[in-house]
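For reference, the structure I am asking about is given below.
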Amino acid sequence: MPTILGQNQYGKAENRVVRITRDGDTHHIKDLNVSVALSGDMDDVHYSGSNANVLPTDTTKNTVFAFAKEHGIESAEQFGIHLARHFVSSQEPIKVARIRIEEYAWERIATSDGNSKFIGADEVKHSFVRKGQETRTSQITYDGEKWEVVSGLKDLTVMNSTNSEFWGYVKDKYTTLKEAYDRILATDVSARWRYNWTDDEERMPNWEKSYEQTRKHMLQAFAETYSLSLQQTLYQMGSRIINNRSEIDEIRFSLPNNHHFLVDLEPFGLKNDNEVYFAADRPYGLIEATVLRDGVEPKIPVDMTNL
């Protein structure tokens, strides 16, 4: 045979599942986009077309929705763990299950005191607005023995309007950028962090609390770092998370430097005292790095495009 089969996987991508939990008149929403990828003994289906070892992708879709009912959705990570364990333990040909999840956050709409009554209710507790901030992500991989949980977020836009400089850099004949001693620092944070929980015998992290606290430390470090470069800020963000969250061993950031340039107002007889900027969406600097707990080997892919 002139060719052989390499790595392969299959599943159902982007299953949008919304789970409503009704606690009396108070409702809670979990809104997930779940992608399932399964791999194992799949040579025959590729070589001969035999589906004897193939669990239909339609079945994986149905499992996602059924599990949302049967298990609820405590967190994206816990839901992914339920799914991965099920596919590996219930299907002998399946050796590895990878579950990728994006979570879309909603927040309750606060109603005014005068208009809070609705069909006799004292307060509206079932209306929500989609948060316009980050998308939460999670990838759960299970091989029947060990777990790997990589969580994260993307599209978290942050800005410091001062306490940022950039100077002392290499200059050559093509350099036109002027040194800045008071500039805007803005970025859209994309981050992935890997938990050191790998075994069912170990104590499982509190996924919801861990995400909230990781996000908090990330934002606090961004706000509190007097930045001489975006690289320095990135390292401070990662270091604070590693030092404060013992359940996390590794975090990787991809930070576009969303440039803001002072507008020349002199032609109009006006002085621009760091007040009016042009926001350029491209091209942009792209700063990427991994921060690790000392002694830990990196496992998060350098290219996070498909993570």
Side-chain angles (χ1 to χ4, degrees), residues 5-15 17 30 32-43 53-57 59-61 63-64 66-68 71 73-103 135-154 190-208 210-211 214 241-242 245-254 290-293 296-307:
L5 179 67
Q7 193 281 336
N8 61 89
Q9 60 193 37
Y10 79 103
K12 206 74 163 181
E14 301 200 33
N15 301 280
V17 55
K30 282 290 187 179
L32 306 183
N33 188 16
V34 183
S35 293
V36 177
L38 308 176
S39 58
D41 297 332
M42 295 295 154
D43 287 6
N53 286 349
V54 176
L55 182 72
T57 63
T59 303
T60 68
K61 175 202 70 176
T63 305
V64 169
F67 271 39
H71 297 282
I73 302 176
E74 177 184 326
S75 67
E77 290 83 359
Q78 187 64 64
F79 189 63
I81 287 169
H82 283 310
L83 288 169
R85 190 192 306 278
H86 166 78
F87 290 123
V88 172
S89 63
S90 67
Q91 303 295 321
E92 185 176 351
I94 301 302
K95 304 305 180 185
V96 176
R98 187 199 68 200
I99 313 297
R100 286 179 172 170
I101 301 176
E102 292 183 342
E103 179 176 346
T135 297
R136 179 174 170 177
T137 66
S138 186
Q139 175 175 292
I140 299 91
T141 305
Y142 182 54
D143 64 3
E145 296 182 358
K146 295 295 183 180
W147 296 92
E148 182 183 78
V149 179
V150 178
S151 295
L153 55 81
K154 61 182 180 179
S190 178
R192 302 292 185 273
W193 53 88
R194 181 172 56 84
Y195 289 94
N196 49 39
W197 178 80
T198 60
D199 195 297
D200 283 319
E201 299 301 317
E202 301 170 351
R203 182 178 179 181
M204 188 179 297
N206 182 325
W207 306 112
E208 295 292 274
S210 180
Y211 179 85
T214 299
I241 290 166
I242 296 295
R245 303 307 307 173
S246 61
E247 72 274 20
I248 295 172
D249 273 357
E250 175 186 8
I251 181 165
R252 182 164 180 82
F253 290 98
S254 180
T290 300
V291 182
L292 298 156
R293 193 175 302 283
V296 169
E297 293 294 325
K299 295 184 179 181
I300 299 176
V302 170
D303 184 358
M304 300 194 302
T305 303
N306 294 315
L307 183 61

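No experiment lies behind these values; they were computed from the predicted model shown.
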(request) To the nearest 0.5 Å, tell me how far I99 CD1 sits from L38 CG. (result) 6.5 Å

(request) Could you tell me which non-hydrogen atom of A84 sits nearest to which non-hydrogen atom of I140, and how far apart they are? (result) CB-CG2, 4.3 Å

(request) Please tell me if the side chains of E250 and V291 come closer than 4.5 Å, counting only heavy atoms from C-beta onward. (result) no

(request) State, yes or no, whether a side-chain contact exists between I81 and Y142 at a heavy-atom distance under 4.5 Å. (result) no

(message) Applying salt bridge (charged side-chain N to carboxylate O under 4.0 Å, His left out) as the test, list every pair that has at least one member in residues 80-91; sequence neighbours left out.
(response) R85-D200

(request) Give, for atom CE of M204 and atom OH of Y195, the distance between the pair rounded to the nearest 0.5 Å. (result) 12.0 Å

(message) V54: which residues meet the side-chain contact (heavy atoms from CB on, under 4.5 Å) condition with it, sequence neighbours left out?
(response) Y10, M42, V45, N51

(message) Can you tell me how far apart CG (L32) and CD (E14) are? Round to the nearest 0.5 Å.
(response) 13.0 Å

(message) To the closest 0.5 Å, what do you measure between CD1 (I248) and OG1 (T214)?
(response) 3.5 Å

(message) Main chain of D41, side chain of N53: is a donor-acceptor contact present, judged purely on distance under 3.5 Å?
(response) yes

(message) Once rounded to the nearest 0.5 Å, what's the spacing between atom CG of N33 and atom OG1 of T137?
(response) 11.5 Å

(request) Please list, chain by chain and in numerical order, all residues satisfying side-chain contact (heavy atoms from CB on, under 4.5 Å) with E208, sequence neighbours excluded. (result) K30, S75, R136, N206

(message) If you count every heavy atom of other residues, nucleotides or ligands that lies below 6.0 Å from Q7 atom CD, does the total exceed 12?
(response) yes

(message) Minimum heavy-atom separation for F67 and H82, please, with both atom names.
(response) CE2-O, 3.6 Å

(request) Can you establish whether the number of heavy atoms outside E102 located under 6.0 Å from its atom CD is more than 12? (result) yes

(request) Looking only at non-hydrogen atoms, find the nearest pair between F79 and V64 and report the distance. (result) CZ-O, 3.3 Å

(message) For a 4.5 angstrom cut-off between non-hydrogen side-chain atoms, does R194 reach V296?
(response) yes

(request) Please round to the nearest 0.5 Å and tell me the distance separating atom CG of D43 and atom CG of N8. (result) 7.0 Å

(request) Determine the minimum heavy-atom distance between K146 and D199, stating which atoms define it. (result) NZ-OD2, 3.1 Å

(request) Grab the two heavy atoms, one from V17 and one from A68, that are nearest each other, plus how far apart they are. (result) CG2-CB, 3.7 Å

(request) Please answer whether the main-chain N or O of L153 pairs with a side-chain N or O of R192 as donor and acceptor at a distance below 3.5 Å. (result) yes

(request) Using a 4.5 Å cut-off on heavy atoms from C-beta on, say whether the side chain of T290 contacts that of I300. (result) no

(request) Search all heavy atoms of V149 against all heavy atoms of S138 and return the closest pair with its distance. (result) CG1-OG, 4.5 Å

(request) Examine distances only and state if a side-chain atom of T60 and a backbone atom of T57 form a donor-acceptor pair shorter than 3.5 Å. (result) yes

(request) May I ask you to test the R252-V302 pair for a side-chain heavy-atom distance under 4.5 Å? (result) yes

(request) Answer yes or no: is there a donor N or O on one side and an acceptor on the other, between the side chain of N15 and the main chain of K61, under 3.5 Å? (result) no

(request) Just say parallel, tilted or perpendicular for the rings of W147 and W197, cut-offs at 30° and 60°. (result) parallel

(request) Look at the rings of Y211 and W193 and say which category their plane angle falls in: under 30° parallel, 30 to 60° tilted, over 60° perpendicular. (result) tilted

